Every structure is written in structure tokens, then in C-alpha cells.
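Down below is the structure, laid out as C-alpha cells.
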2 protein chains.
Amino acid sequence: MGRPRTYTRDAVVEKAMGVFWQNGYKATSVSDIVRETGLNTASMYKEFGDKNGLFLEALEYYRGNVIGPRYQILVDNPNMAGVETFLRNVMTGAAKTEYKGCLMMNHLAQKHAISSDAAIQVGAFCDEIESLVKNALSNAQSDGDIGPDKDPAQLASFVVFCVHGAVLYGRHDTKKALISNFYDVIMRALRN
Amino acid sequence: MGRPRTYTRDAVVEKAMGVFWQNGYKATSVSDIVRETGLNTASMYKEFGDKNGLFLEALEYYRGNVIGPRYQILVDNPNMAGVETFLRNVMTGAAKTEYKGCLMMNHLAQKHAISSDAAIQVGAFCDEIESLVKNALSNAQSDGDIGPDKDPAQLASFVVFCVHGAVLYGRHDTKKALISNFYDVIMRALRN
DNA sequence: GTCATTTTAAAATATTTGTTTTATAAAATG
DNA sequence: CATTTTATAAAACAAATATTTTAAAATGAC
């Protein structure tokens, strides 16, 4: 009972994620959030505790709803075919989305600007996706799809670096060209 | 005449660069700067105008004194041999330096946190180093050291991405392994 | 030694920004 | 309809942080 809220939690978190993604944690003020989400300041504090609390949920949302689906293919097909499809999807998808980099990676260079809880979440995110890729590459190696001399862990590092870093580095004009080139470069690194 | 200053401009800029490098622009307060450089607040404002003014000089210093020397080899040897030496130097050097990423690239994901002047300087920096690499790769192509089907511009993008992004992405534990692997991956991408 | 000049130290100011409070509005319950 | 409950709007508060000011200190010039 009581007065019904005019917002839905999920919509707020999603919009907040967009703001944090665009500006970075420190450069997003609570006023920015309030303006962009339409959420009332008091409601924000009641619902999420504080700015950091909302940020933590935004990170979680990003992991679950933006990145998660992308990596699902590697969960279903942890092998070379999965990796290839994954990379192709990422490259074509990345060319479409606006240039904001990866929300998580963007904050790697801003460790001192975020809470330790947030930093831990970012670290865990890196570990998680890297581990997914490594697992798939390990299986690929067992299947003989990549050479026995390769180190799946190092290659996984490289793949994640490319996937989550490419969009960050590329500026608007060069991004597409960069990405279109990446698939080949990465595949060559894996196969050769 | 007048009271002699207790600081030297260059030393201050260098130290300030370190702080901006470590924390990012927005997460560095003027108090931080004052504490780390030993410079007086008033002297800071007199000498550099404001926090942004000091940041701009720090960026310039970084370009001239940290990155410049690294790229000198490409100015002297704009060819495949130059690129190889350059990459080898970077990879061995990066493994030593502490993990702070690239001061410029770190701020690519923080466009809204820095002044437009600073953003322009970061963009110019990217253009400059990319152009140096591209030029060397173009010559390498003319020399027949990389295939005629390659696109020097795209490869240059990739090389700069790896060189300035690798350290950013790598966390302490994985960085070394990542970097040691990069030289081979990059060279393979160029050559193959 | 005093004066002019510049730096420095410390305090003061101003602004931004995170957070809390107070009063009002919109429902559900009995 | 009165009461209770929760959300909202707007203002108030508090803390951090950028910037300015004021007064004292340290030099060189006359």
C-alpha cells in the first residue's frame, strides 16, 4: 500500500548504467542521475542507499544484461566453433553500438575513483570472462583446433583485451576499420 | 628579485603528472597535488592558472618526456627494423614500469571528466603516434617487408592499441604474461 | 636599513556535490 | 472518511574541493 512509485527499479538501473557508462563514476553527479533517470533524489537514496550502491547495481546489470548474453555462446559451445562465433558476433555488434567502451574496463583506469566494492566487482568480471574464454580455448586445444604449443590462458588474456579494449581505444572515425580488422588478427593469433 | 621560489617548474609538472597518471584527472584533488608536489596552493594557481592548466602541462610533459623518447626510434628508422626494435623496447620496458596504463589512453574513457582542451590534446596524441607507426609500416610495405595486401593504417591502429592498451588492461598478475605474448602476436599480425 | 618585489603559509571564500530532512501528495485499509 | 503508509518535491544540510585573499617571509636594489 501507500503511494505507488512512478518508476521501475530495472528501468532506473538501466538508465543509470548508461550515464555511468558514458561519463564514468566520478564524473557522474547524483544530479546527472536524477535528471537522466527522472528518479527523485530521496527515492534514489531510499532504493539504493547511495550513489555507490546504484553504481554497484549498474555494474551488475551490465554484466547480466549486456555482457552475459554475448558470452552465452561460450557457455553453450566451449570450443573453437564457439570462440569463432563469439568473436564474429562481438565484432559486428560492436560496430553498431555507440562508442562508450566497456563499462567495466573503463573503470580499470579509475580504481581510485570508485569504491573498493566496485573495484572488486570489476576484477571479478575480468576474471569471469577471461576464464570463459580460456576454458573454450583449452577445449579447442584438446580438440586439436589450436596447436599444443599455445598457452590458452595467455591467448584468453589477449582475446579479452581485444574484445573489451578495442572499442575503448578506437575513436569514432577509426573504430569500424579497427574492429573489422580485429577478427582476422585475433583468429590468426589463435590459429597460427 | 623577490623571494626565491622553493620549487622548479619541471619537477612540479613531473610529480603532478605522476599523480594524474595514478588517479586520473577527476580523482586527483588540488590537495593531492599540493601534498605530493610540495607546491603551495597559491603558487600552483599563480604558475599554472588552475588545476586544468597544470593537467595540460602534465600531458605535454608525458608526451615529450615519457612517450617521445620511446618513439624516437621510429623517427630515425621509419621502417620494419624500426618497428621491430620499437616493439621490443616497449614490451621489455612495460614489464618493468609499474602498472598505471598510458596517461593519455587512461583519459579516453573519461572525456567528460576533462576539459575540452585536454580532450583535444589526447586526441592529437593518438593521431601523432598512430601516424608515426603508419608511416613506418608504409615504408616497410614499400620495402617488401610486409605484404602488399596489408593496410598500414589499420595495422598501425592495431599496434598502437596493443602498445598503449596492453598495460592498461593487464592486471598486476597477468600483465607480464600478457606482454611477453604480445610481441609475437603483433609481429605475426604484421608479417603474416 | 628601508623599499619594492615575489614567494609562501595559512586562512577564508565559493562552488560543487553527496546526503538528509520536511512537508505534501497519492494511494490502501478499516 | 480518518488513518496509515509510502513516494515525491523541494528545500536544507554537510562535506569535499576548487579558488582567492591576506599577511608574513625572503630576497635584491637603492
Side-chain angles (χ1 to χ4, degrees), chain A residues 1-59 107 110-119, chain B residues 1-59 107 110-119:
Chain A
M1 58 168 132
R3 180 172 175 173
R5 49 187 57 172
T6 61
Y7 62 91
T8 63
R9 226 188 124 86
D10 252 34
V12 166
V13 173
E14 187 179 18
K15 279 186 185 159
M17 174 193 70
V19 186
F20 285 128
W21 200 349
Q22 179 82 344
N23 302 343
Y25 180 77
K26 195 91 184 203
T28 7
S29 68
V30 174
S31 319
D32 290 336
I33 294 167
V34 165
R35 180 170 11 87
E36 297 299 322
T37 62
L39 184 63
N40 188 273
T41 310
S43 307
M44 195 286 253
Y45 279 94
K46 186 168 183 216
E47 189 76 48
F48 303 101
D50 56 10
K51 182 185 164 191
N52 176 59
L54 176 52
F55 182 56
L56 291 178
E57 293 221 23
L59 287 178
H107 287 88
Q110 308 181 45
K111 281 201 192 68
H112 295 266
I114 64 182
S115 72
S116 57
D117 279 352
Chain B
M1 59 169 135
R3 180 173 174 172
R5 52 186 54 170
T6 60
Y7 63 90
T8 64
R9 229 188 122 86
D10 252 35
V12 166
V13 172
E14 186 179 18
K15 278 186 185 159
M17 175 193 72
V19 185
F20 285 127
W21 200 348
Q22 179 84 342
N23 302 344
Y25 180 76
K26 196 92 184 202
T28 1
S29 68
V30 174
S31 317
D32 289 337
I33 295 167
V34 164
R35 181 171 9 86
E36 296 299 322
T37 63
L39 184 62
N40 188 271
T41 310
S43 306
M44 194 285 252
Y45 279 93
K46 187 167 182 216
E47 189 77 46
F48 302 101
D50 55 11
K51 182 185 163 189
N52 176 58
L54 177 52
F55 182 56
L56 291 177
E57 294 222 24
L59 287 178
H107 286 88
Q110 310 181 44
K111 280 200 192 65
H112 296 265
I114 63 181
S115 72
S116 57
D117 278 352

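Proteins get letters first, then strands, A, B, ... in listed order; numbering begins at 1 in each. Values in this document were obtained by computation on a predicted structure and should not be read as measured data.
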**Study point:** side chain to side chain contact (heavy atoms under 4.5 Å, CB included) partners of A/S43, counting only residues at least two apart
**Key:**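 Applying side chain to side chain contact (heavy atoms under 4.5 Å, CB included) to A/S43 gives A/Y7, A/L39, A/N40.
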Check your understanding: Considering residues at least two apart in sequence or located in another chain, which fulfil the side chain to side chain contact (heavy atoms under 4.5 Å, CB included) criterion with A/D50?
Key ->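 A/Y45, A/N52.
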**Study point:** Sidechain-backbone polar pair: B/H107 side chain, B/Y25 backbone, donor-acceptor under 3.5 Å
**Key:**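 A pair under 3.5 Å: yes.
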Review point. Quick one: salt bridge (Lys or Arg N to Asp or Glu O under 4.0 Å) pairs with a partner in residues 22-33 of chain A, sequence neighbours left out?
Key: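 Output for this query lists A/D32-A/R35.
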Point to revise | Residue pairs fulfilling salt bridge (Lys or Arg N to Asp or Glu O under 4.0 Å) with at least one residue in residues 36-45 of chain B, sequence neighbours excluded | key: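 Applying salt bridge (Lys or Arg N to Asp or Glu O under 4.0 Å) to every pair that reaches into residues 36-45 of chain B, excluding sequence neighbours, yields nothing.
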Tabulate protein N/O versus nucleotide N/O from nucleotides 11-17 of chain D, keeping only pairs under 3.5 Å, one per line.
none

Check your understanding: With the sugar-phosphate defined as primed atoms, P, OP1 and OP2, and the base as all remaining atoms, what B/S/- string results for nucleotides 24-30 of chain C, 5' to 3', for protein heavy atoms under 4.0 Å?
Key -> -BBBS--
**Study point:** side-chain hydrogen bond (donor to acceptor under 3.5 Å, both in side chains) partners for A/R5, two or more places apart
**Key:**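 side-chain hydrogen bond (donor to acceptor under 3.5 Å, both in side chains) check on A/R5 returns A/E47.
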**Study point:** Partners passing side-chain hydrogen bond (donor to acceptor under 3.5 Å, both in side chains) against B/S31 (at least two apart in sequence or in another chain)
**Key:**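 Partners of B/S31 under the side-chain hydrogen bond (donor to acceptor under 3.5 Å, both in side chains) test: none.
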Name the atoms and distances for all side-chain donor-acceptor pairs under 3.5 Å in residues 13-22 of chain B, with sequence neighbours left out.
residue : atom : partner : partner atom : Å
B/W21   : NE1  : B/K100  : O            : 3.3
B/W21   : NE1  : B/G101  : O            : 2.9

Review point. When you measure from every atom of DNA chain C, which of residues 5-13 of chain A have a heavy atom less than 4.0 Å away?
Key: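 Going residue by residue through residues 5-13 of chain A, none turns out to have a heavy atom under 4.0 Å of DNA chain C.
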Review point. Could you spell out the base pairing of DNA chain D in dot-bracket, with Watson-Crick or G-U pairs whose two distances are under 3.5 Å, [ ] crossing and | to another strand?
Key: ||||||||||||||||||||||||||||||
